[in-house]
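In listed order, ligands and their atoms are each counted from 1.
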Amino acid sequence: MIQRPRGTRDLLPPETRLWQAVERVAQDVFGAFGGDEIRTPIFESTELFVRSVGESTDIVHKEMYTFPDRKGRSLTLRPEGTAGVARAWIENSLNDRSHPLRLYYIGPMFRYERMQAGRYRQFAQIGLEILGANGPLADAELLVTLDEFFRRLGFDDLEFHINNLGDPEDRPHYQALLKQRLGLRRGELCRDCQRRFDENPLRILDCKVPACREVAKDLPAVDEVASEASRGHVRAVEAQLARLGVRFVRNPRLVRGLDYYLRTVFEVVSPQLGTNTVLCGGGRYDRLIADLGGPAMPGVGFAVGEDRIVQVLPASFRDAVLALPRLYLVPLGERARDEALGLAAGWVRAGVRLELEVAGRSVKAALKRADREAFSFVAILGDDELAAGVIAIRDLARSVEESVALSELPAWITRQTASSS
Ligand code: ATP
Ligand code: MG
């Protein structure tokens, strides 16, 4: 038997309904704040990620799915979404449109990760970027959009962790300070962090190995050496959040796993998952587009991990999505079977969600199936009923049965659903 590759999943019904519903909420909320969807390729030139995400990051260093195509060009399955959006922005001259642009994406990402709970090699992200605004109000709007997205999904216990990464000019100073402080304790770090010490000591703050976390606890925060401009920027973002009642904490260890961030960085943490598997990460990346050869164009964005959202989706949202009422239409007799599809199509047009019994089950078998499949209503259509223009319909939750005029069925279902919620 051929099996799916390690780290991939088959998403099956009814769980796929949850995925669709989460994506609809993202489309609604991001759209309501002026966003539009962008769809970029799932694979890009390897160089794009090396130059944007950064050579010394875990993603580029050990997590990319990179392969030569038939002409020997090096391609990579996208490990994240921002680099592709930035490339598309340059390549399609989106600079010519009025700013800022709010662009969101939804789709699969690929990282060759060690297998553990909540970590897949193909996973999905929902991301939003605001391009062309450099003030703190754009960061705040982005976070408020994110907060609204989580609210509509029914979350009420999430925490925003925020930090100031400083400006790129502050970086060498901070890296030197880290090296100086870490010098004596270098031996306590994990193998990866020994390498990071030389390549990019900032990454040590992001390490999840407990020993490294212990060492990182005592390190100075970037904010302490950051430019006054960047400190003011992040404080202004926080002031907006406080004003709007968005729950956040300043987390001075937060650095994020990508090199292009500066100033504001953030994560969204669920108490159910903890800080090792965060729901969302993001930040500001004012130099990325210029670094990729475009004009100077500031940006700020986030990416939500859709797999993790679905995993911890509040019961209120889950139940509402999975319990959408469905009708099971069972025709009995020759005439009823001839007419049933036409009736079903008409009711669907009127907004009913239904399934037609097309496998020829008996009433008894059909009722058993209705129970097992959690239908809300079963309608039995016999030749006699058809002749009289009515149908016998049973509300399974309430165990009531009624005879309803065929033309009245959509209205009847709407009434039942409204009175039960
Ligand atoms: P982590 O610290 O958990 O490795 P990350 O910093 O690598 O996350 P980002 O690159 O910021 O993650 O991606 C944004 C979001 O995408 C994460 O917060 C997470 O929800 C999700 N995500 C990242 N990697 C995976 C994965 N391998 N499987 C499932 N979801 C993932
Ligand atoms: Mg990671």
Side-chain angles (χ1 to χ4, degrees), residues 4-9 11 19 22-23 26 49 52-54 56-65 76-86 104-129 142-143 146 149-150 153 155 158-163 165 190 192-193 196 200 202-210 212-213 216 251 253-261 264-285 288 300-313:
R4 59 178 183 268
R6 264 174 82 78
T8 65
R9 304 200 283 167
L11 301 176
W19 285 70
V22 167
E23 290 165 16
F49 302 113
S52 56
V53 175
S56 68
T57 59
D58 278 0
I59 292 178
V60 171
H61 189 75
K62 58 184 187 188
E63 293 176 355
M64 293 209 301
Y65 278 92
T76 292
L77 299 182
R78 64 181 186 192
E80 59 95 56
T82 304
V85 172
Y104 69 85
Y105 58 83
I106 300 173
M109 305 292 161
F110 305 84
R111 297 184 195 175
Y112 194 89
E113 300 227 43
R114 220 161 47 79
M115 294 307 305
Q116 33 177 315
R119 231 166 251 288
Y120 305 98
R121 290 179 177 173
Q122 175 175 338
F123 59 98
Q125 283 185 342
I126 299 176
L128 173 66
E129 319 282 0
L142 185 86
L143 286 160
L146 184 58
F149 167 71
F150 282 123
L153 296 176
F155 285 99
L158 302 182
E159 203 167 61
F160 286 65
H161 287 202
I162 296 184
N163 196 19
L165 268 195
C190 73
D192 278 330
C193 282
R196 291 173 186 136
N200 187 352
L202 196 69
R203 298 262 74 85
I204 294 171
L205 294 175
D206 195 36
C207 185
K208 294 185 174 82
V209 174
C212 302
R213 293 209 152 178
N251 176 354
R253 304 295 152 236
L254 182 63
V255 293
R256 312 279 313 120
L258 303 102
D259 276 353
Y260 51 65
Y261 288 128
T264 322
V265 285
F266 55 88
E267 287 184 347
V268 180
V269 180
S270 149
Q272 287 178 66
L273 293 175
T275 49
N276 276 349
T277 40
V278 304
L279 288 180
C280 170
R284 181 161 275 287
Y285 49 84
L288 175 62
V300 60
F302 63 71
V304 172
E306 195 175 359
D307 304 66
R308 293 183 192 171
I309 295 280
V310 172
Q311 188 191 337
V312 294
L313 211 49

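- Paired with I106 under the rule side chain to side chain contact (heavy atoms under 4.5 Å, CB included), one option of L128, I126, V304 passes, and it is I126.
- Between Y120 and ligand 1, a contact under 3.5 Å exists for at least one N or O pair.
- Under a 4.0 angstrom heavy-atom cut-off, E80 registers as lying outside contact with ligand 1.
- Between L146 and C280, the shortest heavy-atom distance links the atoms CD2-SG, 3.7 Å.
- Near R111, meaning under 4.0 Å from any of its heavy atoms, are these atoms of ligand 1: 5 (P), 7 (O), 9 (P), 10 (O), 12 (O), 13 (O), 23 (C), 24 (N).
- Interface atoms of ligand 1 facing G118, defined by a heavy-atom separation under 4.0 Å, are 28 (N), 29 (C).
- For ligand 1, one of its N or O atoms has an N or O atom of R119 under 3.5 Å away.
- Ligand 1 places these atoms under 4.0 Å from at least one heavy atom of Q125: 13 (O), 14 (C), 15 (C), 16 (O).
- Of all the heavy atoms of V278, the ones lying under 4.0 Å from any atom of ligand 1 are found in both the backbone and the side chain.
- When only non-hydrogen protein atoms are considered, atom 21 (C) of ligand 1 lies nearest to G305 CA, 3.6 Å.
- At a 4.0 Å heavy-atom cut-off, ligand 1 touches R256 through the side chain alone.
- In the vicinity of E113, heavy-atom distances shorter than 4.0 Å reach the ligand 1 atoms 24 (N), 25 (C), 26 (C), 27 (N).
- In terms of modelled atom types and a separation under 3.5 Å, the side chain of R308 and the main chain of G118 share a donor-acceptor contact.
- For ligand 1 and C280, the ligand atoms under 4.0 Å from any heavy atom of the residue are 18 (O).
- Within the 4.0 Å heavy-atom criterion, neither part of E267 lies near ligand 1.
- Ring-plane geometry between Y261 and Y285 is classed as tilted, the angle between the planes lying from 30 to 60 degrees on a 0 to 90 degree scale.
- Judged by distance alone, the side chain of R111 and the main-chain N or O of P79 form a donor-acceptor pair under 3.5 Å.
- Using a non-hydrogen distance threshold of 4.0 Å, K208 registers as a contact of ligand 1.
- Minimum interatomic distance between R114 and R121 (heavy atoms only, all atoms of both residues): CA-NH2, 4.5 Å.
- A donor-acceptor pair under 3.5 Å links the side-chain atoms of N163 to the main chain of L254, judged by distance alone.
- For atom 22 (N) of ligand 1, the nearest protein heavy atom (residue, atom name, distance) is F123 CE1, 3.5 Å.
- Although no hydrogens or angles enter the test, the distance criterion places no donor-acceptor pair under 3.5 Å between the side chain of T8 and the main chain of R4.
- For ligand 1, the atoms sitting less than 4.0 Å from at least one non-hydrogen atom of L279 are 18 (O), 20 (O), numbered in the order shown with element in parentheses.
- Distance alone, capped at 3.5 Å, places no donor-acceptor pair between the R203 side chain and the C193 backbone.
- In this structure, atom 8 (O) of ligand 1 is not in close contact with the protein, since no protein heavy atom lies within 4.0 Å of it.
- Only one option out of I309, L158, L143 pairs with V268 in a side chain to side chain contact (heavy atoms under 4.5 Å, CB included); it is L158.
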